[in-house]
Amino acid sequence: ELRSRHQLHGDLGDDDEPWTTGVRETGASVTAMILVAAGSGSRLAAGVPKALVEVGGRSLLQHCLDTASTVERITQIVVVVPAAHLREVSAALAGQAVDVAAGGDTRDDSVRAGLALITGAEQILVHDAARPFVPAEVFERVIDALTDSEAVIPAVPVVDTIKRVRDGVVIDTPVRDELVAVQTPQGFRAATLRAAHDGHDPQVTDDAMRVERAGIAVRVVAGSPQGFKITTPFD
Ligand code: C5P
C-alpha cells in the first residue's frame with residue numbers, strides 16, 4: 001500500500017524500498033487514514049449511500065480522497081463502505097491507491113473494520129466521508145499535533161447554547177465557553193487507537209470518546225467552518 005500511495009503522490013522516486021522514500025527522509029511518522037463511509041444516509045434519504053451522493057460532480061467520498069491525496073504524510077488510506085455496496089464502491093475507486101473494507105452496523109464497528117486493514121502505521125487518522133469539505137490544512141494541523149500528543153481532535157466553538165434535556169425538561173446548561181463541536185479527522189498514535197477500540201460499546205459516537213475513557217489526554221486543535229457534517233437534505 002505504501003508503494004501505491006507513493007505512485008499516487010508521484011514525487012517519491014522509483015526506489016524499491018519504501019522506507020528510503022521521502023516520507024521517512026523528512027523524519028515524519030507513517031500516517032494511515034481510515035475513511036468511514038459506511039453509513040446508510042437514512043437522514044439524507046438520497047436513495048444511495050450518503051458517501052456516494054454527489055456535490056459539484058464528485059461524490060462526498062471522492063472529495064475526501066482528493067483532499068487527502070494532497071496531504072503527503074498520509075501513506076495508506078482504508079475506505080470503509082456499506083457491505084451491500086462493496087463491489088460497486090470498489091469499482092468506482094478502481095485505479096486509486098486505497099484499500100476497501102466492508103463496514104459494520106455502527107460507525108464504531110466500521111472504524112474497527114478499517115483498523116483491521118491498516119498495516120505498519122505509527123499514526124492513524126479517522127475521518128468521516130460525510131465531511132467532504134474539510135481543508136487539507138486541518139489534516140496537516142492534526143498530524144503536526146500528533147508529534148507530542150497521543151490523540152488529537154479538530155473542533156470549533158459552538159454558537160448555540162447547548163442544554164441537556166430529559167423527557168422534555170432541561171436538566172443542565174453547560175457553560176458555553178467550555179463547549180466545542182468536534183469534527184474529523186481525529187488523529188491517534190496507532191497503538192493508542194487500537195487499544196481503545198477493544199470491545200463493543202453502543203454509546204460511542206467518536207474515537208476520541210474511547211480514548212478519553214481510557215484516561216488518555218485528547219488535545220484539541222482548530223477545526224474549520226468547512227468541516228461540517230452533511231446529514232440532512234438541507235446540508
Ligand atoms: O452516522 P454519523 O453521522 O455519525 O456518521 C458519521 C460517519 O460515519 C459517516 O461518514 C458515515 O458514513 C460513517 N458511518 C460508518 N458506518 C456506520 C455508520 C456511520 O462508516 N455504520
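We count ligands from 1, going down the list as the structure has it; atoms in each ligand are counted the same way. Numbering starts at 1 and runs along the sequence shown.
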Under 4.0 Å from a heavy atom of S110: which atoms of ligand 1 are those, numbered in the order shown and with their elements? 15 (C), 16 (N), 17 (C), 20 (O), 21 (N)

State which residues pass ring-ring contact (aromatic ring centres under 6.0 Å, His included) with H197; sequence neighbours excluded, sorted by chain then number. none

Starting from atom 20 (O) of ligand 1, what is the nearest protein heavy atom, named by residue and atom, and what distance separates them? A38 N, 2.9 Å

Indicate if I216 and I124 have the same hydrophobic cluster label, given that clusters are the connected sets of ILVMFWY residues with side-chain heavy-atom separations under 4.5 angstrom. yes

Tell me: protein heavy atom nearest atom 11 (C) of ligand 1, and distance? G39 N, 3.6 Å

Would you mind reporting whether V204 and R107 have side-chain heavy atoms less than 4.5 Å apart? no

With under 30° as parallel and over 60° as perpendicular, where do the rings of F133 and F228 fit, or are they tilted in between? tilted

At a 4.0 Å threshold, what atoms of ligand 1 neighbour a non-hydrogen atom of A130? 9 (C), 10 (O)

Is the closest heavy-atom distance from A129 to ligand 1 below 4.0 Å? yes

Tell me yes or no: between the side chains of S69 and D66, is some donor less than 3.5 Å from an acceptor? no

Under 4.0 Å from a heavy atom of R43: which atoms of ligand 1 are those, numbered in the order shown and with their elements? 1 (O), 2 (P), 3 (O)

Hey, are D144 and R73 close enough for a salt bridge, meaning a charged N less than 4.0 Å from a carboxylate O? yes

Report the part of D128 in contact with ligand 1, treating N, CA, C, O as backbone and CB onward as side chain, heavy atoms under 4.0 Å; options are side chain, backbone, both, neither. both

Can you tell me if T231 contacts ligand 1 (heavy atom of the residue under 4.0 Å from the ligand)? no

Check whether any N or O atom of V36, backbone or side chain, sits under 3.5 Å from an N or O atom of ligand 1, and answer yes or no. yes

Report the nearest protein non-hydrogen atom to atom 8 (O) of ligand 1: residue, atom name, distance rounded to 0.1 Å. R107 CG, 3.4 Å

Just which atoms of ligand 1 are under 4.0 Å from any heavy atom in D105? 21 (N)

If we only consider heavy atoms of V80, is any one of them less than 4.0 Å away from an atom in ligand 1? no

For residues V218 and V156: do they belong to one hydrophobic cluster (side chain heavy atoms under 4.5 Å, members Ile, Leu, Val, Met, Phe, Trp, Tyr)? no

Heavy-atom count check: over 12 atoms from other residues, nucleotides or ligands less than 6.0 Å from D201 CG? yes

CG/D198: more than 12 non-hydrogen atoms of other groups inside 6.0 Å: no

Enumerate the atoms of ligand 1 whose separation from the nearest heavy atom of K229 is less than 4.0 angstrom. 2 (P), 3 (O), 4 (O)

Can you find a non-hydrogen atom of G104 under 4.0 Å from ligand 1? yes

